[in-house]
Amino acid sequence: MSLQLLKYPYPYKAWLTMANDPDNTTIEAWKELHGFIWEELEIPFGDSLFVSSFNQNLPDQVNLVENPEIGKAHLHDIIHTWGDYMHARKRGFDRDDAIEAAGLLQKAGIQPRVWIDHASFVGNMMHGTNKGAVPKLKDSSGLEYENFVYSLDIARGLGIRYIWNGEVTDIIGQDRDPTFDDEVKRSGGSTMKASVKSAFQYLPTGAKKFPPIDNRQYYPQRFADGSTLYCFRRYGTWPDADIDGLHNLISSDRIDALLRNGGTAIVYSHLGKRHPKGMDRPLHIPETTRNDLKNLSERFKSKELMLSATSELLDYLILRDHVEVSGNTIRFVADGIRYQTLTPNDLSGKVFSFKGNADAMEVFVDNIKQEAVIRKESDGIFSVVFQSE
């Protein structure tokens with residue numbers, strides 16, 4: 001029997017992460033979210049932050065500069081651009097701000113892998129504008145000018161390898177063939193439909209366009225400055241993108257459907273934002289959402305549903321999709337975008353499961369033989385375990 005690589009580490013059936021935007025979050029709400037999600041439930045989500053905030057409509061919005069304690073409280077693998085420059089009045093954004101923000105992140109020991117565009121920020125990479133990814137600008141006469149908000153090279157230097165493409169999908173489970181959806185009816189009774197919004201509508205003319213992404217969780221994209229990174233979609237809906245609407249996205253029936261469908265979900269939300277009808281509530285997190293988060297924690301602890309940071313999921317999918325299997329030999333190969341080369345340290349703590357015979361198995365990482373741990377899971381299933389350093 002030839003070896004077959006399973007989609008996710010055994011015995012997990014699906015994988016879910018949270019790609020939170022920090023908009024509207026006060027320090028009081030942040031403390032409640034941190035205390036419940038990361039401390040009480042011990043859910044291993046990553047989080048997103050603003051490095052700084054100049055938003056005059058949200059003067060109490062949490063950010064790293066004014067609230068440095070957030071950086072060490074739990075993992076932040078996502079940055080929501082270089083800061084909140086919306087409604088900043090006379091305070092504009094310049095490339096020098098990106099350089100300063102990158103320095104602040106490095107000083108704080110934060111190593112983000114994921115970039116998410118913010119609203120109509122002038123330095124966005126894909127959402128609404130692509131000026132953050134374009135080194136030079138041209139006018140209608142063809143004259144070329146310096147683009148003072150270009151910063152994709154700075155983001156790459158910081159370690160960013162994944163960029164949200166500005167798209168939200170309500171398909172339950174990416175990384176799978178959606179032909180035979182096991183869909184859940186909305187409360188209003190309408191059937192969920194896939195978004196038809198083009199993943200490439202924000203790309204500059206002349207940028208290399210890859211084939212339609214279908215229902216893949218990620219895809220490679222060439223940007224105007226010549227760099228290639230991975231783009232991904234988020235699961236959700238625009239109206240449900242707050243702490244109240246989160247209930248509609250991760251309710252028990254949605255999670256049941258995700259497990260049956262066997263896919264991934266990078267949930268789109270603003271955990272620090274309330275629906276207007278919930279502004280007078282004493283606690284930030286409504287009871288319905290609390291129960292849903294408890295359900296996620298239970299499914300994770302029972303090893304049904306994998307939960308992790310968004311960067312960890314995307315790293316895993318990249319590594320998984322570049323595994324080469326031949327006979328009794330398993331080779332882990334670098335993809336050339338996220339990993340230029342591959343070392344055992346890149347695989348540290350990761351588990352890859354296979355269906356087949358584990359006898360006389362050989363494991364290579366970039367053509368170097370490794371003494372990997374082979375763990376027998378059940379009859380006919382084994383895992384290759386790369387132990388943490």
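No experiment lies behind these values; they were computed from the predicted model shown. Only heavy atoms go into these numbers, but all of them, side chains included; no hydrogens, no water, no symmetry mates.
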Does a donor on one side chain and an acceptor on the other come within less than 3.5 Å for Asp77 and Ser311?
yes
Tell me whether the count of non-hydrogen atoms from other residues, nucleotides or ligands lying under 6.0 Å of NZ in Lys7 goes above 12.
yes
Do we get Arg338 above Tyr230's six-membered ring, with its NZ or CZ under 6.0 Å from the centre and within 45° of the axis?
no
Hey, do the aromatic rings of Tyr162 and Tyr218 have their centres closer than 6.0 Å?
no
What closest approach, in Å, do Arg281 and Pro286 show between heavy atoms, and which atom pair accounts for it?
NH2-CD, 3.6 Å
Here the pair of heavy atoms bringing Glu377 nearest to Ser383 is OE2-OG, 2.6 Å
Between Asp256 and Arg299, does any side-chain N to carboxylate O distance fall below 4.0 Å?
yes
Residue of the set Lys273, Met279, Lys277 for which side chain to side chain contact (heavy atoms under 4.5 Å, CB included) holds with His275
Lys277
State whether the side chain of Asn147 and the backbone N or O of Val134 hold a donor-acceptor pair below 3.5 Å, judged by distance alone.
yes
So, His247 and Asp292: side-chain donor and acceptor under 3.5 Å apart, yes or no?
yes
Rounded to the nearest 0.5 Å, what separation is found between the CG atom of Leu5 and the CZ atom of Phe352?
8.0 Å
Do Ile337 and Val365 belong together in a cluster built from hydrophobic side chains that touch within less than 4.5 Å?
yes
